[in-house]
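These notes concern the structure reproduced below.
All chains are named by letter (A, B, ...) in the order of the sequence lines, taking the proteins before the strands, and each is independently numbered beginning at 1. The figures that follow rest on heavy atoms only: side chains count, while hydrogens, waters and symmetry mates do not.
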There are 2 protein chains.
Amino acid sequence: MSTPAPEGYDPHAYAPFAVTVDLAVFTVREARLHVLLVERGQEPFRGRWALPGGFLLPRESAEDAARRELAEETGLGQDTVGALHLEQLRTYTAPDRDPRMRVVSVAYAALLPDLPEPRGGGDAASARWWDTGAAGPLAFDHDRILADAHDRIGAKLEYSCLATAFCPAEFTLGELQQVYETVWGVELDRPNFRRKVLNAPGFVQAVEGPPRRTGGRGKPAALYRAGDATALHPPLLRPPGPDAPHSAPEGRER
Amino acid sequence: MSTPAPEGYDPHAYAPFAVTVDLAVFTVREARLHVLLVERGQEPFRGRWALPGGFLLPRESAEDAARRELAEETGLGQDTVGALHLEQLRTYTAPDRDPRMRVVSVAYAALLPDLPEPRGGGDAASARWWDTGAAGPLAFDHDRILADAHDRIGAKLEYSCLATAFCPAEFTLGELQQVYETVWGVELDRPNFRRKVLNAPGFVQAVEGPPRRTGGRGKPAALYRAGDATALHPPLLRPPGPDAPHSAPEGRER
DNA sequence: CAAATAGTGTCTGTCAGACATTATTGG
DNA sequence: CCAATAATGTCTGACAGACACTATTTG
């Protein structure tokens with residue numbers, strides 16, 4: 001846009017593109033990472049599952065479009081969607097990523113606590129949660145977007161307080177640990193996890209009145225709320241995998 | 001793009017957008033972080049400085065467009081530009097960010113070793129390096145893009161081997177340390193810096209033949225090349241600032 | 001009581017920052 | 001010799017992982 005354009009140029013002289021948003025909406029259900037998908041009703045990829053999303057309106061930012069689409073496809077209230085953390089992932093611009101026309105897509109990730117199935121109605125009729133491991137080949141380049149999103153979320157858990165976004169307003173440290181274990185696909189030592197979470201200033205704050213809640217049998221756990229910090233100091237680093245010496249994951253836009 | 005579109009819809013029914021790339025090209029000169037800017041030759045913002053960039057061609061990806069524009073504006077060879085690390089930052093979509101028309105811009109960051117001034121010629125005639133601290137108000141929302149880019153680069157230095165991209169093919173550890181100090185705006189302890197860099201597998205590799213090079217007077221330093229790793233284990237963490245207890249920097253898309 | 005989950009305490013090796021010291025060059 | 005930069009070594013405190021142990025609930 002800073003390249004000198006011809007004097008008195010006509011906007012239509014530049015190639016028009018369609019711009020969409022695609023949403024990778026995650027939740028943790030039963031110790032598995034799930035993603036919200038919609039079934040396509042028409043070609044191309046009719047019958048295949050895809051990330052929810054849609055076209056930007058003429059005077060709408062991508063983030064506004066993402067919230068609007070999310071509300072439409074999940075049936076969540078505008079207030080919930082309005083307060084939600086939306087993380088811009090990256091933008092996909094391969095010329096042939098949509099066979100119909102030139103489409104540039106801005107991808108976002110969103111994290112939700114475990115919710116009931118999206119209520120049928122409007123666009124949400126065909127939406128459901130899928131285990132990320134079981135989600136088959138998706139439409140367009142959405143497999144790639146989903147993989148990028150998973151990587152990014154996993155990386156962000158290390159140095160941000162994002163994990164609480166997967167939890168309800170009040171949660172136990174066991175539930176928070178479950179989020180980390182599910183997204184990272186590892187098991188963590190409970191005492192050490194507690195120590196790190198409680199030592200990170202502003203990550204969580206204890207809920208005063210000693211109400212407690214149980215997750216079945218066993219000792220009831222203390223409840224916490226998300227703290228006021230957004231970044232995590234010190235970071236809660238992922239245990240070094242038994243694998244590669246030095247690889248280069250995506251993600252990390254810290 | 002997954003929102004059900006009307007059956008047999010016409011692409012022109014959807015709002016057309018212009019898509020551009022904007023480039024934050026950084027280098028370290030004389031212990032200061034510099035960015036490549038171009039002076040605008042026409043309205044809007046005539047005479048103001050802006051990030052280099054330009055419109056996507058009809059069948060070109062954003063990264064291809066970024067490399068093409070970079071070659072045009074800096075006069076760098078296609079081979080250099082082709083091997084360069086380009087980091088997609090984020091996409092800016094505010095509806096009024098360009099007063100002329102609806103423009104969505106994909107921003108990239110690039111890191112270069114200290115180079116001579118861009119050769120005049122073609123679009124590069126008005127390009128020059130600016131100290132990031134002295135760069136005045138830029139055109140459009142480029143101040144914001146530049147600030148985001150600086151944050152991101154700073155964060156990436158912590159957990160990636162990106163810093164070597166600021167250095168020539170063979171460099172000393174003092175030069176590498178200078179990169180960190182300049183981007184982060186802090187001073188680092190040299191012995192500790194050496195230890196961490198040399199302990200990070202694949203970050204740098206010593207150049208065999210004991211050639212040495214000097215940066216003035218003082219003991220000549222051993223030379224190193226970039227290693228084969230792209231991620232840094234363990235990360236080289238920024239010293240905790242004397243400031244805020246917990247803030248939320250941009251950056252970090254790790 | 002057994003099983004399951006929550007929570008506390010401790011030990012030990014590693015690594016961080018801080019800093020002293022030596023080495024090698026130019027002026 | 002002095003200044004400047006490079007390189008090595010050492011000390012100490014903080015923190016990580018590992019793990020033993022206690023507490024509280026359900027069946």
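Atom pair A/Leu236:CG and D/dC15:C1' shows a separation of 13 Å (rounding to whole Å applied). Spacing between atom OH of A/Tyr224 and atom C1' of C/dA6 amounts to 10 Å, rounded to whole angstrom units.
A cation-pi arrangement is not found for A/Arg195 relative to A/Phe193, the charged atom failing to lie both closer than 6.0 Å to the ring centre and inside a 45° cone about the ring normal.
Closest to the B/Thr172 side chain, of the nucleotides D/dA6, C/dA6, D/dC19, is D/dA6. Side-chain atoms of A/Arg217 lie closest to C/dA4 of the nucleotides C/dA4, C/dG7, D/dC19. Picking from D/dT8, D/dC19, D/dA16 the nucleotide with the shortest atom distance to the side chain of A/Lys196 gives D/dA16. Of the candidate nucleotides C/dA16, D/dA18, D/dA16, C/dA16 has the atom nearest to the side chain of B/Pro234. Taking the side chain of B/Arg190 as heavy atoms from C-beta on, and the options D/dA7, C/dA18, D/dC19, the nearest nucleotide is D/dA7. In this structure, of C/dT24, C/dA20, D/dC19, it is C/dT24 that holds the atom nearest to the side chain of B/Pro220.
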Please assess A/Val183 against A/Leu33 for the test side chain to side chain contact (heavy atoms under 4.5 Å, CB included), listing each intermediate value before the final yes or no.
-> CA-CA 6 Å; A/Val183 176; A/Leu33 186 66; 4.2 Å; yes

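Side-chain nitrogen and oxygen atoms of B/Lys219 include none within less than 4.0 Å of the OP1 or OP2 phosphate oxygen of D/dA3. Between B/Arg195 and C/dC15, a side-chain N or O to OP1/OP2 separation shorter than 4.0 Å is absent.
More than 12 heavy atoms of other shown residues, nucleotides or ligands fall within 6.0 angstrom of atom CZ in A/Arg29.
Contact between A/Leu36 and A/Ala127 at its shortest, heavy atoms only, is CD1-CB, 4.3 Å.
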